[in-house]
Amino acid sequence: MSRKRKAESGEVLKIGNKTISLEGYLTKKPKTATSTPSTSTSDNNTPVPSTENETITKDPREFKPSRPLTGDPSLFATRRALPLYLYQDRIRSILSKKDVLVLVGETGSGKSTQVPQFLYQERWCQRRRVKVKTKVLDKEGNEVLEEGGKAKTREETVNVGGVIAITQPRRVAATTLAGRVAKECGTPLDTSGRGTGFKGRGPKGKDGKGSKGGKEGEEWDEENDVVEEMGKNNGGDEEVIEENGNEKKDRKDQEKGLVGYSVRFDHRVPPGTKIKYVTEGMLLQELLRDPHLRQYSAIIVDEIHERSVDVDLLSGFLKQIVTGDKAGRGGIPLKVVVMSATAQVERIKKFFSSDDSLKKGTSGEEVEYLEIEGRQFPVEVIYEPKPVPDIQEALLKTVFKIHTQEPLSDKHGKKDILCFLTGQEEIEAAQRLIEEFAETLDPKVPKVKVFPLFGQLSMEAQHEAFQPIKHPFTRKIVLATNIAETSVTVPGVRYVVDCGKAKVKQYRPRLGMESLLAKPISKSSAIQRTGRAGREGPGKCFRLYTADTFATLPKTDLPEILRTDVLGAVLTMKARGIDDVLSFPLMDRPELEAVENALVHLHVLGALGDDGRITDTGRKMVLFPVTAPYARVLLAAADPRYDCLLEAIDIISCITAGDDIFMQVRSEEDKEAVDVYRKELQRREGDLITYLNTMQRFVSTPSADRGTFCKQRRINVRNMRQALNIRKQLRSLSVKNKMLDAESLMPDAEVTYQPVSPETAERILKAFLKGFAMKTAVLAPDASYVTAHGKHVVAIHPSSSLHGVKREAIMFLEHVYTQKNYAKKVSAIQAGWIAEALAA
DNA sequence: GAGCACTGC
């Protein structure tokens with residue numbers, strides 16, 4: 001499995017004895033240096049010229065909006081108070097002339113809710129019927145050529161525009177924002193009685209509004225037990241009403257609903273929807289069937305500063321549409337509003353300008369920029385005078401300095417403390433220290449109550465951190481990971497203590513594995529943490545590092561695309577018609593080596609052919625909302641040779657449902673009791689067959705007993721529900737793609753549990769090897785496991801049922817460097833199966 | 001003997 005690359009040319013890749021030609025898709029060298037990730041973010045340090053900043057006086061007489069608000073009058077006052085209110089004419093006027101607007105606005109400016117409402121009645125936002133020329137494609141999706149080599153086209157009449165999409169990085173944000181805006185528009189989304197049965201990550205959504213669906217706590221909710229039928233509610237997208245601006249029509253639209261949302265497992269797009277909140281991934285998925293985004297007049301990309309892989313890819317596709325010839329949209333431009341909480345304006349402006357303007361030296365003139373002040377209270381920042389040797393000690397000192405010297409509350413409310421730490425271990429150690437020290441305090445000093453807050457905690461435990469404290473004379477201290485930086489808002493916080501570090505996942509292309517280590521945070525992350533103290537009143541932020549250290553921090557975080565395996569990103573591009581992935585416009589380009597590794601890996605998986613183009617297999621793979629190796633497993637499992645698709649779906653559902661469905665057990669006594677039940681589920685074949693066993697046992701358990709089933713085995717109900725949703729989605733996609741016969745599916749209630757035979761287990765593991773042959777290791781004479789690919793020593797992670805067990809060979813689905821080089825999700829295999837899986 | 005945070009028709 002060794003890989004050799006021709007040193008002198010980048011045009012050919014060799015894998016074993018195979019040669020893949022890179023011609024046609026590795027034609028161009030990237031424009032920016034790719035040797036180190038940091039060089040590609042070089043304009044981080046370029047100060048933004050102040051002349052660029054649109055400064056607008058805030059005299060309401062001068063900028064009184066020319067149009068009255070519409071919608072629910074009871075919400076007018078709140079909307080008028082938003083900083084953004086005064087900018088609506090300006091925003092409308094900019095977008096009537098230009099196609100791209102970069103809008104920088106801090107949290108609380110109202111940009112996510114107000115901007116689409118300013119725009120949806122604009123003339124350019126109406127749906128139109130136009131003639132377009134479409135390329136004729138053959139069955140495989142390749143262009144049909146006319147004589148002379150030109151692509152064959154045919155003329156069609158299509159609808160273009162009418163809808164504004166607003167993208168969000170998270171589901172909760174998309175659904176809560178849609179709910180809020182629908183209410184403001186006077187066309188509330190009725191979300192009652194919708195049994196999607198699971199909720200967002202935290203008790204509070206991003207903007208401090210409660211998330212919805214499902215009830216609080218970890219109990220299995222029988223009412224929500226039945227998951228919603230896929231695709232039932234997403235039929236409204238195509239029925240956009242012809243818009244001609246008369247009042248009667250407007251009223252009709254209001255009855256039908258102006259606002260909708262579309263996130264995985266949950267679609268609410270009423271007929272007549274003009275404003276649609278979507279997750280970034282959802283819009284990428286839409287791009288697969290509609291490359292010109294014809295349904296939309298505008299795309300608003302919100303929270304672009306978070307720089308997920310999805311938003312980076314989306315930006316690339318949007319740039320192509322905006323700066324392209326627009327023939328696919330019948331000449332109608334697509335307007336793009338890019339919204340960010342932090343100013344990386346130059347970079348974004350340059351990115352969305354056409355390359356021609358760069359050559360002419362008129363960079364960015366097609367792109368307008370507007371900055372809007374936020375609504376934050378001032379926060380005083382206090383640094384350590386010199387570097388602290390021990391973070392726990394520094395934390396303890398600072399927390400009790402605040403506690404003993406600062407008031408418990410003021411006219412703005414409670415004055416609680418939020419501490420940012422790196423992980424669970426650090427949080428638990430700090431909790432013990434603080435609680436011990438609090439015992440020694442004078443009884444005249446107020447009491448403290450400590451709440452840990454990290455993702456792996458149960459819903460109930462997370463919820464506690466959000467509740468106002470009941471006891472009088474007590475201060476709340478929340479010890480949180482990064483979860484409190486973007487995902488949730490803890491109310492009542494007026495003091496922030498920031499340790500200056502966070503655990504970040506980083507992919508190492510050379511090793512083919514990822515690491516999870518604590519690293520210094522960026523300036524913008526530090527500022528974000530500080531801001532958490534100023535949501536409800538003036539606050540203070542204690543940074544447990546020096547001002548000099550702050551000055552050395554990188555300006556922004558490394559975007560995710562430079563930190564993860566680009567396998568998925570490359571396949572996403574290939575499937576959307578990008579043959580030359582290296583010349584695809586990206587704000588930050590991954591290292592060449594990372595892209596090459598991804599291409600080779602995709603070739604091994606059979607998603608790319610020897611010519612580097614996407615194969616039939618690759619095209620089938622992208623239809624499934626799982627990573628490429630899992631998609632490959634599904635295709636293999638549907639093959640009569642392996643014939644285990646339902647089993648593979650059960651396993652993949654469990655594994656991709658967020659964090660492990662098995663929660664960790666904290667106390668020793670609990671552990672003993674839980675292990676009795678868990679042991680029953682475990683199989684000697686390893687973790688995969690254990691997951692299968694768990695899912696099969698779960699679905700054959702009567703609804704009424706499922707709560708007990710989960711409780712006894714400490715199964716995370718939220719993740720289990722997610723697993724059921726994924727299972728349902730993968731099953732229905734398999735039927736749709738003719739890999740599964742709908743008739744053969746039995747309702748779960750009618751299936752009696754029977755453990756899989758060792759023969760079936762073998763077929764399942766062999767099907768998984770089709771996606772994970774690269775992630776295998778063989779037992780060496782010294783009793784360590786050595787990877788087949790790269791010859792690294794790996795240890796089996798303690799969370800695996802095979803931890804401490806020696807087998808001939810193993811397959812693992814995850815490979816993470818933390819304390820050690822760990823293999824996770826491990827199965828026992830035979831060494832001979834590896835070669836078998838690699839042979840076509 | 002160990003687990004930053006998100007997400008996908």
Side-chain angles (χ1 to χ4, degrees), chain A residues 167-174 200-202 206 230-235 237 262-267 269 278-290 303 306-311 313-314 420-428 453-457 480-488 499 501-506 514-519 521 525 528 557 560 563-564 568-569 571-572 622-628 630-631 656-660 662-666 671 716 722 725-726 729-730 732-733 736-737 795-800 803-804 814 816 818-820 822 824:
Chain A
T167 69
Q168 293 294 326
R170 280 169 292 279
R171 298 157 40 100
V172 229
R201 304 271 323 163
K206 192 182 159 294
M230 275 305 302
K232 232 184 195 170
N233 286 300
N234 64 353
D237 305 38
S262 187
V263 301
R264 193 184 189 188
F265 312 126
D266 197 2
H267 307 270
V269 188
V278 295
T279 44
E280 293 156 356
M282 189 61 69
L283 198 61
L284 271 181
Q285 211 57 38
E286 281 190 22
L287 219 38
L288 207 54
R289 50 165 194 263
D290 180 11
E303 314 274 15
E306 289 193 22
R307 296 294 306 276
S308 63
V309 173
D310 282 356
V311 93
L313 291 173
L314 206 52
F420 284 98
L421 294 165
T422 57
Q424 180 179 348
E425 206 180 357
E426 221 176 75
I427 286 171
E428 283 166 353
L453 182 62
F454 46 87
Q456 275 288 80
L457 276 181
T481 59
N482 253 353
I483 193 171
E485 198 179 305
T486 47
S487 307
V488 294
C499 77
K501 289 191 172 169
K503 279 191 186 168
V504 280
K505 214 177 234 177
Q506 180 133 25
E514 53 195 14
S515 60
L516 180 62
L517 299 168
K519 292 259 174 76
I521 58 171
S525 187
Q528 180 75 20
D557 291 302
E560 193 191 7
R563 292 189 288 112
T564 46
L571 186 59
T572 300
V622 295
L623 298 173
F624 290 93
V626 292
T627 58
Y630 287 123
T656 59
D659 299 305
D660 210 321
F662 293 108
M663 291 189 292
Q664 53 165 339
V665 185
R666 303 178 91 181
K671 209 170 143 31
N716 184 319
Q722 171 85 342
N725 274 322
I726 296 170
Q729 188 184 24
L730 294 179
S732 94
L733 284 167
K736 207 167 137 192
N737 296 312
I796 295 176
H797 194 270
S799 64
S800 169
H803 176 69
E814 287 164 25
V816 189
T818 49
Q819 306 287 321
K820 258 190 200 172
Y822 281 116
K824 299 171 90 171

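Sequence lines set the chain letters: A, B, ... in the order given, protein chains first and strands last, and positions in each chain run from 1. Quick caveat, the model's predicted, so the values are computed rather than measured.
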Specify the separation, in whole Å, of atom [atom1] of [X] and atom [atom2] of [N].
{"X": "R563(A)", "N": "dT7(B)", "atom1": "CZ", "atom2": "P", "answer": "15 Å"}
{"X": "R307(A)", "N": "dT7(B)", "atom1": "CZ", "atom2": "C1'", "answer": "17 Å"}
{"X": "L314(A)", "N": "dT7(B)", "atom1": "CG", "atom2": "C1'", "answer": "13 Å"}
{"X": "E814(A)", "N": "dA2(B)", "atom1": "CD", "atom2": "C1'", "answer": "14 Å"}
{"X": "R171(A)", "N": "dA5(B)", "atom1": "CZ", "atom2": "P", "answer": "18 Å"}
{"X": "K824(A)", "N": "dC4(B)", "atom1": "NZ", "atom2": "P", "answer": "9 Å"}
{"X": "I427(A)", "N": "dG3(B)", "atom1": "CD1", "atom2": "C1'", "answer": "12 Å"}

Test log, rule side-chain contact (heavy atoms from CB on, under 4.5 Å), inputs L453(A) and I483(A): CA-CA 8 Å; L453(A) 182 62; I483(A) 193 171; 3.9 Å; yes

Checking all strands, does [X] fall into the base, sugar-phosphate, or nothing category for heavy-atom contacts under 4.0 angstrom?
{"X": "T627(A)", "answer": "base"}
{"X": "K671(A)", "answer": "base"}
{"X": "L733(A)", "answer": "nothing"}
{"X": "L288(A)", "answer": "base"}
{"X": "V626(A)", "answer": "base"}

Of the listed nucleotides ([options]), which one gets closest to any side-chain atom of [X]?
{"X": "L516(A)", "options": "dA2(B), dC4(B), dG8(B)", "result": "dC4(B)"}
{"X": "Y822(A)", "options": "dC9(B), dC6(B), dA2(B)", "result": "dA2(B)"}
{"X": "I483(A)", "options": "dA5(B), dC9(B), dT7(B)", "result": "dA5(B)"}
{"X": "P798(A)", "options": "dG1(B), dG8(B), dC4(B)", "result": "dG1(B)"}
{"X": "R264(A)", "options": "dA5(B), dT7(B), dG8(B)", "result": "dG8(B)"}
{"X": "H803(A)", "options": "dG3(B), dG1(B), dC9(B)", "result": "dG1(B)"}

First encountered from the 5' end of DNA chain B, between L453(A) and V622(A): L453(A)

Residue mapping more 5' on DNA chain B - nearest nucleotide basis, T422(A) or T656(A): T422(A)

N or O in side chain of S308(A) less than 4.0 angstrom from dC6(B) OP1/OP2: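 False: S308(A) side-chain N/O out of range (4.0 Å or more) of dC6(B) OP1/OP2.
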
Salt-bridge contact R170(A)-E306(A) (side-chain N to carboxylate O under 4.0 Å): yes

Gap separating the CG atom of L517(A) from the OG1 atom of T422(A), nearest 0.5 angstrom: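 L517(A) CG to T422(A) OG1: 10.5 Å, rounded to 0.5 Å.
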
Atom pair CD/CD of Q819(A) and E425(A) - distance to nearest 0.5 Å: 6.5 Å

